[in-house]
Amino acid sequence: MKPVTIIEGTAVPLDRSDVDTDQIIPSDWLKRVEKTGFEKGLFSEWRDDKNFILNNEDYAGACILIAGPNFGTGSSREHAVWAIQQAGFDAVISPRFGPIFKNNATKNGLVPIEIDSHLGNQLLHEVGQNPDLHFVIDIAQRSVEVPQLGLAIEFELEGSVQDRFLKGLDDISITLNNVEAIKDFETSRGEWLPSQNSI
Amino acid sequence: MGRTLSQKIWDHHVVRSGNDLPDLLYIDLHLIHEVTSPQAFDGLRLNGRKVRRPDLTVATEDHNVPTENIDQPIEDEVSLKQIQTLRNNADEFGITNYPMGDPNQGIVHVIGPELGLTQPGMTVVCGDSHTSTHGAFGALAFGIGTSEVEHVLATQTLPQPKQETMSITINGQLPSGSSAKDVVLAVLAEVGTGGGIGAIAEFRGPVVESLSMEGRMTLCNMAIEFGAKAGLIAPDEITYEYLKGREHSPKDDQWQKAIRFWDGLRTDPDAVFDREIILDGGMITPQVTWGTNPGQVIPVSGSVPGPDAFEDPAEQEAAQRALDYMGLTPGTKMSDVAVDTVFIGSCTNSRIEDLRSAAEVIKGKKVAKGVRTLVVPGSRKVKEIAEEEGLHEIFLESGFDWREPGCSMCLAMNPDKLTVGERSASTSNRNFEGRQGRGGRTHLVSPRVAAASAIAGYFATPEEL
């Protein structure tokens, strides 16, 4: 994962609640064995509607996706995160995320930003009025600033996740530093536990 | 202060804690399938890593597999490549795989328990959100993404931030005709799609204790639909009875040792949950979803609500969008809504008890004219048992299709799909837009209601036939 420190740019307002991962990337796309090439799958069923916000040229080039509550609920498909990133987004702002989606996002350097639902509604409204609003997201400060609105919002990010974002750390390497502890643990497991070696 | 069941299992699996890092949990069983694993194996190869414990890793093919003509090559080339990739990866890394047609093949959340691989007190993960199913055995089981699949393959552990605890108590006794599916839909109606986010939910109370293992699996399966990290139920005699004698269950003196350990897997009487939900089971009638998220639930005897039934503006807007997508008018009685397709299957409701309960409803009756019907057993073993019991004949005589095991129309990754505007009564777990096929309209129900709706041609309970 590459380090993520500052995200700067415009945002697109996806004013819907309960956007599940089946909408973010429909299941047909999940048959692929690659990790790239998912950008065209992003919201592919909604994109047929010419009025869909992601088809609006005014928002082309946005790098922040603002959504209603319960974004990324449902299926564990990490393809949803890959599709959002590959379509050019670096952060998603929502009052509440589906837990697996949120976790997947942090593993790939897509920043999930949870904010109060009133603020969320305000941002959806403001960005809906003005596609050129400029956002600055600072991971070290855990802040979102929108200078044109005079807004500075702090958000929560678990310390270890923040650290991984800032340093671009890979979870597996961190865990492998504990290989002795893992070996020790393995000696204490119940003898009855199932194993493919035991039949 | 006492600990809850999930806290006990958690504590028992901590490999390392502290240093401002989340707890590192050991994983006892890693289930994999073709859809969420290929990129994880690629990651291992890229970094020159091995699978740490192939003996604790089991694969099967379920999401993509066709449910007809499985002796023929898979026609969809992209699906075929994905299946072939899983087989190659399993070979390369020394992992047991149950391929299409194998006696042990089936939906990953059906075969784990069936083979005795899922046991009380274990940690179980899979790159699939419905891994919560295995919590029915008093295991801590949760779905993970592909990065985490790679992590578990490489280390047999996962760093996990602590979760809140949630108790969902179902008191009283279910009315006859209601099932575990109706209970979990009623819970969803109560807490909504976000009500469990950040928590591990333990299902408790007399109704839960009286459920069979199949029913408990249905209940835990849909814990993810209200956002819970996991759902689980304390093991008891019903659990032990189910496990005894299964292929991977402990044998002889190991069985006795295991039972002694499992008996301690209960929430302490003085433990305090962070969140508590209590429902009266006696009030839970057969349920059906009307909208496009699994929290949009009403009784089958009810009518489609309008947006004004909701206070929250976001929910009002979601309701209006759902009504438009589903092609429903507020005030319409569900019993007046015609059904095009009935799907009995999925990791929620494809086990033998589900098939028995559906067969009981349709025995001697014919499917309504024009209704398409599929029964997709959860595994080859379920299919075999059903055929030994003659259930397939009951289904076939009524006019149902009797298919080969797999995920099938639950998520439409194989050829079983709804077409645009087609309306289904489905025993699966998600009524999202397009979930069962682009433009398809899904209503989630129990196997009994699905069966009755196939006969009636509109949403119905068996009692109305």
Side-chain angles (χ1 to χ4, degrees), chain A residues 15-18 20 22-23 26-28 30-35 45 68-70 73-79 81-82 96-101 103-104 107-108 117 121 158-161 163 170-172 174-176 178-179 181-182 184-186 189-199, chain B residues 15-16 20-22 24 26 28-29 35-36 38-39 42 54-56 58 64 78-79 81-82 85 96 116-117 119 122 127-129 143-148 150-151 154-157 159 161 193-194 197 227 229 247-248 250 254 257-258 261 293 314 318 411-413 430 432-435 438:
Chain A
D15 191 3
R16 300 187 186 205
S17 65
D18 292 281
D20 57 77
D22 273 76
Q23 309 316 314
S27 66
D28 259 354
L30 272 51
K31 296 177 184 175
R32 304 177 69 251
V33 297
E34 299 81 9
K35 211 170 178 172
E45 297 199 3
N70 298 328
T73 52
S75 155
S76 66
R77 57 189 72 172
E78 200 158 316
H79 314 64
V81 171
W82 302 333
R96 191 159 57 183
F97 289 98
I100 307 180
F101 173 85
N103 203 21
N104 288 341
K107 306 288 178 188
N108 289 274
S117 62
N121 284 335
E158 200 219 319
S160 65
V161 174
D163 199 44
D170 151 26
D171 254 353
I172 298 179
I174 300 174
T175 297
L176 287 173
N178 296 283
V179 76
I182 297 172
D184 280 352
F185 184 91
E186 285 175 329
R189 299 178 65 236
E191 308 155 56
W192 61 83
L193 287 166
S195 154
Q196 296 298 304
N197 291 342
S198 65
I199 50 158
Chain B
V15 172
R16 190 244 327 107
D20 295 326
L21 289 171
L24 187 65
Y26 197 82
D28 291 318
L29 175 65
V35 177
T36 55
Q39 296 86 353
D42 276 348
D55 60 320
L56 306 185
V58 174
N64 269 303
V78 194
S79 287
K81 184 177 176 192
Q82 194 166 58
T85 303
T96 304
L117 287 166
Q119 297 172 17
M122 288 173 63
D128 189 289
S129 57
I144 58 179
T146 298
S147 293
E148 290 179 308
E150 184 180 339
H151 195 116
T155 70
Q156 204 58 33
T157 63
T193 53
I197 290 179
K229 175 83 182 174
E247 189 174 339
H248 287 273
Q254 291 298 330
K257 274 190 194 170
F261 176 69
N293 78 55
L411 85 168
M413 278 191 78
R430 288 187 173 138
F432 298 154
E433 287 180 29
R435 171 77 178 182
R438 195 181 176 117

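Lettering of chains follows the sequences in order, A, B, ..., and the numbering in each one begins at 1.
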Colleague: Name the region of A/Glu34, side chain, backbone, both or neither, that has any atom closer than 4.5 Å to a heavy atom of chain B.
Modeller: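 It is both, since atoms from each part get that close.
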
Colleague: Before giving the answer on side-chain contact (heavy atoms from CB on, under 4.5 Å), spell out for A/Gln196 and B/Leu117 the whole-Å C-alpha distance, their side-chain angles and the decisive distance to 0.1 Å.
Modeller: CA-CA 10 Å; A/Gln196 296 298 304; B/Leu117 287 166; 3.7 Å; yes

Colleague: Which residue out of B/Gln39, B/Gln254, B/Lys229 racks up the most heavy-atom pairs below 4.5 Å with chain A?
Modeller: B/Gln39

Colleague: Heavy atoms only: give me the nearest A/Ser17-B/Ala314 pair and the separation to one decimal.
Modeller: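 Residues A/Ser17 and B/Ala314, closest heavy atoms: OG-O, 3.8 Å.
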
Colleague: Which atoms of B/Leu411 come close to chain A, meaning under 4.5 Å heavy atom to heavy atom: side chain ones, backbone ones, both, or neither?
Modeller: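 Both backbone and side chain.
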
Colleague: Under 4.5 Å heavy-atom distance to chain A, tell me which part of B/Thr146 shows up: side chain, backbone, both or neither.
Modeller: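 Both backbone and side chain of B/Thr146 come within 4.5 Å of chain A.
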
Colleague: Check whether A/Glu191 gets within reach of chain B through its side chain, its backbone, both or neither, counting any heavy atom under 4.5 Å.
Modeller: both

Colleague: Heavy atoms only: give me the nearest B/Gly194-A/Asn70 pair and the separation to one decimal.
Modeller: CA-OD1, 3.9 Å

Colleague: Give a yes or no answer on whether the side chain of A/Glu78 reaches the backbone of B/Ser147 with a donor-acceptor pair at less than 3.5 Å.
Modeller: yes

Colleague: Can you say whether A/Phe101 sits under 4.5 Å from chain B via the side chain, the backbone, both, or neither, judging by heavy atoms?
Modeller: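 For A/Phe101, no heavy atom lies under 4.5 Å from chain B.
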
Colleague: With a 4.5 angstrom heavy-atom cut-off, which part of B/Asn293 approaches chain A: side chain, backbone, both or neither?
Modeller: side chain

Colleague: Among A/Val81, A/Leu176, A/Thr73, single out the residue with the greatest number of heavy-atom pairs under 4.5 Å to chain B.
Modeller: A/Leu176

Colleague: By a 4.5 Å heavy-atom criterion (distance strictly below it), what part of B/Arg435 contacts chain A: side chain, backbone, both, or neither?
Modeller: both

Colleague: Side chain from CB out, backbone as N, CA, C, O: work out which of these in B/Ile144 comes under 4.5 Å of a heavy atom of chain A, or both, or neither.
Modeller: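 The answer is the backbone of B/Ile144.
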
Colleague: Counting only heavy atoms closer than 4.5 Å, note whether B/Thr155 contacts chain A via side chain, backbone, both or neither.
Modeller: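 For B/Thr155, the contact with chain A is made by backbone and side chain together.
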
Colleague: Quick one: which of B/Gly434, B/Ser79, B/Ala318, B/Pro54 has the most heavy-atom pairs under 4.5 Å with chain A, could you say?
Modeller: B/Ser79

Colleague: With a 4.5 angstrom heavy-atom cut-off, could you sort out which part of A/Asp163 is near chain B: side chain, backbone, both or neither?
Modeller: neither

Colleague: What residue, out of B/Glu148, B/Met122, B/Lys81, has the most heavy-atom pairs lying under 4.5 Å from chain A?
Modeller: B/Glu148

Colleague: Below 4.5 Å, heavy-atom pairs only: which of B/Thr36, B/Leu21, B/Leu24 has the largest tally toward chain A?
Modeller: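 Winner by heavy-atom pair count: B/Leu24.
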
Colleague: Using non-hydrogen atoms and a 4.5 Å limit, figure out which bit of A/Arg96 sits close to chain B: side chain, backbone, both or neither.
Modeller: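 For A/Arg96, the contact with chain B is made by the side chain alone.
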
Colleague: For the residue pair A/Phe185 and B/Arg16, establish whether any side-chain heavy-atom pair is separated by less than 4.5 Å.
Modeller: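 Not touching, per the 4.5 Å side-chain cut-off.
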
Colleague: Report which part of B/Met413 has an atom under 4.5 Å of a heavy atom belonging to chain A: side chain, backbone, both, or neither.
Modeller: both

Colleague: Is chain A contacted by the side chain of B/Arg430, its backbone, both, or neither, given a heavy-atom distance below 4.5 Å?
Modeller: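 Contact with chain A is through the side chain of B/Arg430 alone.
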
Colleague: Quick one: which of B/Gly127, B/Pro22, B/Ala412, B/Pro161 has the most heavy-atom pairs under 4.5 Å with chain A, could you say?
Modeller: B/Pro22

Colleague: Checking A/Ile100 against chain B: side chain, backbone, both or neither under 4.5 Å from a heavy atom?
Modeller: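 Looking at A/Ile100, just its side chain touches chain B.
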
Colleague: Of the backbone (N, CA, C, O) and the side chain (C-beta and beyond), which part of B/Gln119 lies under 4.5 Å from a heavy atom of chain A, both, or neither?
Modeller: side chain

Colleague: Count the heavy atoms belonging to other residues, nucleotides or ligands that lie under 6.0 Å from NZ of A/Lys35, then report whether that count exceeds 12.
Modeller: yes

Colleague: Is it the side chain or the backbone of A/Asn108 that comes within 4.5 Å of chain B heavy atoms, both, or neither?
Modeller: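 The side chain, not the backbone.
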
Colleague: Under 4.5 Å from any heavy atom of chain A, what part of B/Ile197 do you find: side chain, backbone, both or neither?
Modeller: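 It is the side chain, since no backbone atom gets that close.
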
Colleague: Which atoms of A/Asn104 are under 4.5 Å from chain B, going by heavy atoms: the side chain, the backbone, both sets, or neither?
Modeller: side chain

Colleague: With no hydrogens and no angle check, is any side-chain donor or acceptor of B/Gln82 less than 3.5 Å from a backbone partner on A/Leu30?
Modeller: yes

Colleague: Tell me the closest heavy-atom pair linking A/Ser160 and B/Asp20, and the distance in Å.
Modeller: CB-O, 3.9 Å

Colleague: Going through the checks in order, is the side-chain contact (heavy atoms from CB on, under 4.5 Å) test met by A/Arg189 and B/Leu56?
Modeller: CA-CA 12 Å; A/Arg189 299 178 65 236; B/Leu56 306 185; 3.7 Å; yes

Colleague: If I measure from the heavy atoms of chain B, does A/Glu158 come under 4.5 Å with its side chain, its backbone, both, or neither?
Modeller: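 The side chain, not the backbone.
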
